[in-house]
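After the structure tokens below, expect a handful of questions from me.
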Amino acid sequence: MALRLYDSATRDARDFVPLEEGRVGIYVCGLTVQSEPHVGHVRSAVNFDVLQRWLRHSGYAVTFIRNVTDIDDKILVKAAEQGRPWYNLAYDMAHELSAAYASLNVQRPTYEPAATGHVPEMVELIGRLVERGHAYPAADDSGDVYFDVGSWPAYGELSGQRVEDMEAAADADPRGKRDPRDFALWKGWKSETEPETASWPSPWGRGRPGWHIECSAMAGKYLGAAFDIHGGGIDLRFPHHENEQAQSRAAGQRFASYWLHNAWITTSGEKMSKSLGNSLLVPNVLERVRGVELRFYLVSAHYRSHVEFSFEALDEAAAGYRRIESFLERAGDLPASGSGSGSGTGTGTGTGTVKEPQLRPIDMEIGAEHVERAQLRLLDQLPAAFVAAMDDDLGTPAAVAAVHDAVREGNRLLAAGDRDRAAEQAGAVRAMLDVLGLDPADPAYAAGTSSAQGRLETAVDTLVAGLLGERDRARAARDYAAADAIRDRIKAAGIEIEDTPSGPRWSI
RNA sequence: GGUGGGUUGGCCGAGAGGCGAGGCAACGGACUGCAAAUCCGUGUACACGGGUUCAAAUCCCGUACCCACCUCCA
């Protein structure tokens, strides 16, 4: 079965056919770096990371571009409020965002272009639109340039709306617009209220780019006039993506073949952007669960399904993930967690080994004909149900069910003493998890563990090992009351002990 | 006003005419000194009212409620 994707533009699932055999170009709208990322923001990144990984596993060479919007109204306003340069705020937030992505094992794109680095490309594109009669400088002397919606009959095609049905923005300042629905390609510099550093020269005077033009310019630059997939959050469909498409097509580019939009995460039924408390910022959520567990929670829902965030559901997801992990440990496919006597670590905290983040940029040089043998072997290990689920518009919930099925079967084989066949299941589980970016052994997940944490684990391990030794002696003497008392003491400290054929082990 | 989405068991979350996705929780059993882990088993869920059909959570009509977008938004 071939990959099918739900295209927001046509509102149905279609077979995915790339423009060029074996190659895929993807553009995803990243974030405006104006504040710390919350779980809603990273959902989008995780969803498209899964897409990108699945395409590569399916043998495609993927070029993946995700932009950073580092200049816009909000950045200017917030930076002013905080009394610092706008570029300092944007830079800081971009770093926060990268850290959040890294903690969730979101692979780096092929390139991550920033808007401020592409002003000349945008000016060039705007110039072409003016030449073709699809854009005009404002009639007042604001220095603004607007896209002329009336000049583009197809306007509204992406979001399925007719121009005449659209409400004009209630808060829009009509300024020099011919029609209130026209949107800004270029915003003239307001020297009284905006810093000069936030302006660039152009044929229409100093100014800064409008929001939508950057994506058209950067997608065109890095992916060409026509490319395969454009992604982003559902809220971007209109106006952002509608406008992008109108601009690019009016400038003579075919633009994206497929549009993919992810749904929201809400809290208490509200969009996060409106009701956000600090508790849902990624670093704060990661104090409660590990990055891999948060990712598992996000991947367990379909990307087009609305998710009502709750810590209870997050904890449940984490419990589900630990079951998978526990199977891999017992099947010998992963180093066991705390063994009571060695260098083990708690399952609640990842491995204690400190490693450099190994987020690799995705490899765009691997064509369909050059897929690495290891990768093909991995593909061979994937159960048919998993492949079918992923091919059906990235059906990650069904794919996760396939993981659970393999885990149950593997556990059954372990219970029956068939370690060889259990190992096969473990291999399949690892392969599936790898596709989903959820392999517990992925070095990306070790990167977040601090050396202080590692030392702490070693210390706990030593203390627990001592206590377990006492408990073993009590058990050997059949003094179960004393043995249980020791276990209770350890448990009171928040550490669970379980007896396994290879000896007791602990986890937090 | 226009456009689109949703309502599934105690909870999360798939599915889109016929076989009870999967997980978490719960209960029973096996195993265990006891636990834990694991395995086996246990649920008659699809907002409401009609209709179509041999068969409806799924299709049609209607109703209720919720949500998103309509130029700030992942």
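The chains referred to below are lettered A, B, ... by the order of the sequence lines, with proteins before strands, and numbering in each begins at 1. It should be emphasised that the depicted structure is a prediction, and the values quoted were computed from it without experimental measurement. These numbers come from the heavy atoms of this one structure, side chains and all, not from hydrogens, waters or symmetry mates.
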**Item:** Dot-bracket encoding of pairs in RNA chain B, which uses [ ] for pseudoknotted crossings and | for another strand, Watson-Crick or G-U under 3.5 angstrom
**Value:** (((((((..(((.....[...))).(((((.......)))))....(((((..]....))))))))))))....
**Request:** Please state how far atom CG in A/D405 lies from atom P in B/C39, giving the value in whole angstrom units.
**Result:** 12 Å
**Message:** Can you check the distance between B/C31 and B/A35, where both ends of the measurement are the P atom (answer in whole Å)?
**Reply:** 12 Å
**Asked** Under 6.0 Å between ring centres, would you say that holds for A/Y136 and A/F147?
**Response** no
**Asked** With rounding to whole Å, what would you report as the distance between B/C59 and B/C66 at their C1' atoms?
**Response** 24 Å
**Nucleotide B/C11, atom P - distance to CD of A/E312 in whole Å** = 13 Å
**Message:** Could you tell me how far B/G49 sits from B/C54 if I compare only their C1' atoms? Round to whole Å.
**Reply:** 24 Å
**Request:** Write down the distance separating the P atoms in B/C12 and B/G50, rounded off to the nearest Å.
**Result:** 28 Å
**Message:** With nearest nucleotide decided by heavy atoms, which residue, A/A402 or A/G160, maps closer to the 5′ end of RNA chain B?
**Reply:** A/G160
**Prompt:** Say you pick atom C1' in B/G41 and the same atom in B/G33; how far apart are they, in whole Å?
**Reply:** 26 Å
**Request:** With sequence neighbours left out, write down each residue that passes side chain to side chain donor-acceptor pair (under 3.5 Å) with A/Y321, or none if nothing qualifies.
**Result:** none
**Asked** Can you tell me how far P of B/G6 sits from CD1 of A/I234, to the nearest Å?
**Response** 11 Å
**Asked** Considering only the P atoms, how many Å lie between B/U32 and B/C11, rounded to the nearest integer?
**Response** 37 Å
**Prompt:** Of the nucleotides B/C72, B/C34, B/G2, which has the atom closest to the A/Q161 side chain?
**Reply:** B/G2
**Output field: ring centroids A/Y146/A/F183 closer than 6.0 Å** = no
**Message:** Please pick, from B/A14, B/C34, B/G22, the nucleotide with the shortest atom-to-atom distance to any side-chain atom of A/A398.
**Reply:** B/A14
**Message:** Heavy atoms from C-beta onward define the side chain here; which of B/A37, B/C72, B/C39 lies closest to that of A/N411?
**Reply:** B/C39
**Asked** NA contact type, A/G30, heavy-atom cut-off 4.0 Å: base, sugar-phosphate, or nothing?
**Response** sugar-phosphate
**Message:** Tell me whether A/D228 contacts the main-chain N or O of A/I26 through its side chain, where contact means a donor paired with an acceptor under 3.5 Å.
**Reply:** no
**Request:** For A/E424, check salt bridge (Lys or Arg N to Asp or Glu O under 4.0 Å) against everything at least two apart and list the hits.
**Result:** none
**Prompt:** What integer distance in Å separates A/E409:CD from B/A21:P?
**Reply:** 19 Å
**Asked** Who pairs with A/D405 by side-chain contact (heavy atoms from CB on, under 4.5 Å), at least two apart in sequence or on another chain?
**Response** A/R408
**Asked** A/F183 has a side chain; which of B/G10, B/U71, B/G13 sits nearest to it?
**Response** B/U71
**Request:** Indicate whether the side chain of A/E214 and that of A/N67 have a donor and an acceptor atom separated by less than 3.5 Å.
**Result:** yes
**Item:** A/Y303 OH - B/G13 P separation (whole Å)
**Value:** 18 Å
**Item:** Short side-chain N/O contact from A/S159 to OP1 or OP2 of B/C70, under 4.0 Å
**Value:** no
**Request:** State yes or no: are the ring centers of A/H230 and A/Y258 separated by less than 6.0 Å?
**Result:** no
**Prompt:** Can you tell which of B/G23, B/C34, B/U71 lies closest to the side chain of A/R487?
**Reply:** B/C34
**Message:** OP1 or OP2 of B/A68 versus the side-chain N and O atoms of A/R237: is any pair under 4.0 Å?
**Reply:** no
**Request:** Rounded to whole angstrom, note down the P distance from B/U42 over to B/U52.
**Result:** 36 Å
**Item:** Nearest-angstrom distance, P atom, B/C69 to B/G10
**Value:** 32 Å
**Request:** Measure distances between side-chain N and O atoms of A/Y480 and base N and O atoms of B/U32, and say whether any donor-acceptor pair falls under 3.5 Å.
**Result:** no
**Asked** To the nearest angstrom, how far is A/D391 atom CG from B/A14 atom C1'?
**Response** 17 Å
**Complete:** Hits for side chain to side chain donor-acceptor pair (under 3.5 Å) against A/Q82, two or more places apart or cross-chain, chain-then-number order -> A/R84
**Request:** May I ask you to verify if any side-chain N or O of A/H404 is less than 4.0 angstrom from the OP1 or OP2 atom of B/G22?
**Result:** no
**Prompt:** Taking the side chain of A/S305 as heavy atoms from C-beta outward, which of B/A37, B/A74, B/A14 is closest to it?
**Reply:** B/A14
**Message:** Without decimals, in angstroms, what is the distance between A/R412 CZ and B/G41 C1'?
**Reply:** 15 Å
**Prompt:** Would you call the rings of A/H134 and A/W152 parallel, tilted or perpendicular if under 30° counts as parallel and over 60° as perpendicular?
**Reply:** perpendicular
**Fill in**
Picking from B/G22, B/G13, B/C24, the nucleotide nearest the side-chain atoms of A/R408 would be B/G22
**Item:** Any A/N243 side-chain N or O less than 4.0 Å from OP1/OP2 of B/U71
**Value:** no
**Request:** Would you mind telling me which of B/C70, B/A74, B/C39 lies closest to the side-chain atoms of A/W264?
**Result:** B/A74
**Complete:** Result for 5'-nearest mapping on RNA chain B, choosing between A/L236 and A/R162, is A/R162
**Prompt:** Under 4.0 Å between a side-chain N or O of A/R304 and OP1 or OP2 of B/G15?
**Reply:** no
**Asked** Taking only residues two or more places apart in sequence or in another chain, which ones pass side chain to side chain donor-acceptor pair (under 3.5 Å) with A/S8?
**Response** A/H261
**Message:** Please determine whether a side-chain nitrogen or oxygen atom of A/R11 lies at a distance below 4.0 Å from atom OP1 or OP2 of B/U3.
**Reply:** no
**Request:** Would you classify A/H240 as touching base, sugar-phosphate or nothing, given that sugar-phosphate means primed atoms plus P, OP1 and OP2, and contacts are heavy atoms under 4.0 Å?
**Result:** nothing
**Fill in**
Testing B/G13, B/C72, B/A74 for proximity to the side chain of A/D235, the answer is B/A74
**Complete:** Closest to the side chain of A/H212, out of B/U71, B/A14, B/C72, is B/U71
**For atom OH of A/Y321 and atom P of B/G13, their distance in whole Å** = 20 Å
**Asked** Under 4.0 angstrom, heavy atoms only, what part of the nucleic acid is A/F296 near: base, sugar-phosphate, or nothing?
**Response** nothing
